[in-house]
Amino acid sequence: MGASAAAGLHVVVARPCASSPGRMFMSRTAFSRINLKGASQGLANSSSIFSIRSPCERYSSKYCRVVTRAMSGESEGRTAYGLPIDLRGKRAFIAGVADDNGYGWAIAKALAAAGAEILVGTWVPALNIFETSLRRGKFDESRRLPNGSLMHIAKVYPLDAVYDSPEDVPEDVKTNKRYAGSSNWTVQEAAESVKNDFGSIDILVHSLANGPEVTKPLLETSRRGYLAAISASSYSFVSLLQHFLPIMNPGGATVSLTYIASERTIPGYGGGMSSAKAALESDTRVLAFEAGRKGQIRVNTISAGPLGSRAAKAIGFIEKMIDYSYSNAPLQKELLADEVGNTAAFLVSPLASAVTGSVVYVDNGLNTMGLAIDSRALATQN
């Protein structure tokens, strides 16, 4: 990793924060540190519709400054508090990064802040725009790491995880102008390219999903649309691990992204996508056993709450989903992409060395709720 990388993440306690519902389209994280000599602690957010008092405000303790922060050179010579997430010397391949406002990007940033070398796989039709934006500095602000440096992406690989090998690519895709100028973009070829360029990886991240009929109810979904959702959103992870496992170092880890629709009914999240997420979670458990025994690789998935990313807007009602989560989750605050990124950094780090085959919920606790507290029925009763 280049000199721009931070030396690691120190995870202490996440500072409570509140902000307006349903309007989060960029990831962000607050950074500070435990300070035994004391510092004033406060929390103000002008966009908040209410305030949450931190424990420090509540108890007037001089020992409270809580946070997730990156270790950098400035901390050398000082006493470091908290458990370090240190991924220096590790290399990560993140499949499914095509812009700077989704969970894949947030995970890449968290891993980079912890010291990992970052490789990304970008969907071929989006590759040119993504690389151009990177080159022209359009992502510079969102590339900024806790120590002030910019996240360095060692290499961007073209990738279409729907196709395992060149033989699987139909002729109409091969001749499609959106794929013109790109080569070696099937899963097999991408893994071979990474092996040729870098030899091995330690971390594999699956941040891919697509359902061409996602807006259709399941009863109206075609076989083709259903299988396409399964192929792009769940089997793609099986294929990635199948092809990258031979070049993953023992003790490595994988993380994918799932959604609560795998186990609860989310009307409007159709086209077989709920089935694809259920398959992904089932595959996580099976692959945890197989990859664990075969390569000492850990396999986990994060069930993330709704985020207004560009990809999620294809569902058509993502802002309503964000508002619903804000109104009904135990933690009444916006879910930040960085919170998912930090969880991923933990899961692929030595701190989670005994965690595998797990679905980890990062949704402000919404998965625990069995009743919508903003229901009109409840309002009528009151």
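Remark: the backbone N or O of Tyr326 is not paired with any side-chain donor or acceptor of Asn364 at under 3.5 angstrom. With hydrogens and angles ignored, the 3.5 Å screen pairs no side-chain donor or acceptor of Asp160 with any backbone N or O of Val124. Put simply, the side chain of Asn300 gets close to the backbone of Val355: a donor and an acceptor are under 3.5 Å apart. At distances below 3.5 Å, at least one donor-acceptor pair connects side-chain atoms of Lys277 with backbone N or O atoms of Leu257. In terms of modelled atom types and a separation under 3.5 Å, the side chain of Thr175 and the main chain of Glu171 share a donor-acceptor contact. Of the possible polar contacts, none joining the Ser239 side chain to the Ser236 backbone as a donor-acceptor pair under 3.5 Å is found. Remark: side-chain polar atoms of Ser349 are paired, donor with acceptor, to backbone N or O of Phe346 under 3.5 angstrom. Between the side chain of Asp338 and the backbone N or O of Ala106, no donor-acceptor pair lies under 3.5 Å. Side-chain atoms of Thr221 come within 3.5 Å of backbone N or O of Pro217 as a donor-acceptor pair. For the pair Ser233 (side chain) and Ile230 (backbone), a donor-acceptor distance under 3.5 Å is absent.
Residues Pro212 and Ala229 come closest through the heavy atom pair CD-N, 4.3 Å. The two residues Thr356 and Arg298 have their closest heavy-atom pair at OG1-CA, 3.4 Å. Residues Ser234 and Ala276 approach most closely at CB-O, 3.4 Å, considering heavy atoms. Of all the heavy atoms in Ser231 and Val162, the pair that sits closest is OG-CG1, 3.9 Å. When all heavy atoms of Ser222 and Glu213 are compared, the pair lying nearest together is OG-OE2, 2.6 Å. Across Ala232 and His206, no two heavy atoms sit closer than the pair O-NE2, 4.4 Å.
Leu227 CG: more than 12 foreign heavy atoms inside a 6.0 Å radius. No more than 12 heavy atoms of other residues, nucleotides or ligands shown are found within 6.0 angstrom of NZ on Lys177.
Ile107 and Val362 end up in the same hydrophobic cluster when Ile, Leu, Val, Met, Phe, Trp and Tyr side chains are linked at under 4.5 Å. Hydrophobic clustering (ILVMFWY, side-chain heavy atoms < 4.5 Å, transitive): Leu351 and Val205 are in one cluster. There is no path of hydrophobic side-chain contacts, each under 4.5 Å, that joins Leu307 to Leu366. Hydrophobic clustering keeps Tyr324 apart from Ile260 (ILVMFWY residues linked when any side-chain heavy atoms are closer than 4.5 Å, directly or through intermediates). One hydrophobic cluster, built from ILVMFWY side chains closer than 4.5 Å, cannot hold both Val156 and Trp185; they sit in different ones.
Ser200 meets the side chain to side chain donor-acceptor pair (under 3.5 Å) test with Asn249; sequence neighbours excluded. The side chain to side chain donor-acceptor pair (under 3.5 Å) test applied to Asn367 returns Asp363, not counting sequence neighbours. Take Thr186 and apply the side chain to side chain donor-acceptor pair (under 3.5 Å) test, not counting sequence neighbours, and it matches Glu189. Annotation: side chain to side chain donor-acceptor pair (under 3.5 Å) contacts of Tyr163 (sequence neighbours excluded): none.
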Does Met151 form a side chain to side chain contact (heavy atoms under 4.5 Å, CB included) with Ile153? I'd like the steps, not just the answer.
CA-CA 6 Å; Met151 173 178 66; Ile153 298 176; 4.2 Å; yes
Please report the C-alpha distance between Ile322 and Ser325 in whole Å, then the side-chain angles of each, then the deciding distance to 0.1 Å, and finally whether the side chain to side chain contact (heavy atoms under 4.5 Å, CB included) criterion is met.
CA-CA 5 Å; Ile322 294 172; Ser325 177; 5.8 Å; no
Start with the C-alpha distance between Lys216 and Tyr226, add both sets of side-chain angles, then the distance that settles side chain to side chain contact (heavy atoms under 4.5 Å, CB included), and finish with yes or no.
CA-CA 10 Å; Lys216 291 184 178 180; Tyr226 184 94; over 6 Å; no
Could you walk me through whether Glu290 and Arg285 pass the salt bridge (charged side-chain N to carboxylate O under 4.0 Å, His left out) check?
CA-CA 9 Å; Glu290 295 183 357; Arg285 291 183 284 271; over 6 Å; no
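Counting heavy atoms from C-beta outward, Asn196 and Ser193 have side chains that stay 4.5 Å or more apart. In this structure, Asp140 and Leu150 have side chains that are in contact, with non-hydrogen atoms separated by less than 4.5 Å. Residues Phe130 and Val120 form a side-chain contact, since some pair of their non-hydrogen atoms from C-beta on lies under 4.5 Å apart. In this structure, the side chains of Lys195 and His243 stay at 4.5 Å or more apart for every pair of heavy atoms.
With Val255 as the partner, the side-chain contact (heavy atoms from CB on, under 4.5 Å) test is satisfied by one option alone out of Val348, Leu111, Thr301: Val348. For the side-chain hydrogen bond (donor to acceptor under 3.5 Å, both in side chains) test with Glu281, the passing option among Ser256, Ser303, Ser262 is Ser262; the others fail.
Rounding to the nearest 0.5 angstrom, the gap separating the CG atom in Asp99 from the OG atom in Ser133 is 9.0 Å. To the nearest 0.5 Å, atoms CD1 (Ile94) and NZ (Lys109) are separated by 13.0 Å. Annotation: the span from Phe289 atom CZ to Thr284 atom OG1 amounts to 15.5 Å, rounded to 0.5 Å. Note that CG of Leu127 and OG of Ser182 are 5.0 Å apart. Values are rounded to the nearest 0.5 Å. Rounding to the nearest 0.5 Å places NZ of Lys155 at 3.5 Å from CG of Asp197. Separation of atoms OG1 (Thr254) and CG (Asp202) is listed at 12.5 Å; rounding is to 0.5 Å.
Electrostatic pairing of Arg143 and Asp100 does not count as a salt bridge here, judged by no charged N lying under 4.0 Å from a carboxylate O. Between Arg88 and Glu117 there is no salt bridge, since no side-chain nitrogen of the basic residue lies less than 4.0 Å from a carboxylate oxygen of the acidic one.
Val286 belongs to no hydrophobic cluster with other residues, because no ILVMFWY side-chain heavy atom falls under 4.5 Å from its own, directly or through intermediates. Leu241 forms part of a hydrophobic cluster together with Phe93, Leu119, Tyr157, Leu159, Val187, Val194, Phe198, Ile201, Leu204, Leu208, Tyr235, Phe237, Val238, Leu240, Phe244, Leu245, Ile247, Met248, Leu280, Leu287, Ile297, Val299, judged by ILVMFWY side-chain heavy-atom separations under 4.5 Å.
Within the 6.0 Å centre-distance limit, the rings of Phe139 and Trp105 are counted as a close aromatic pair.
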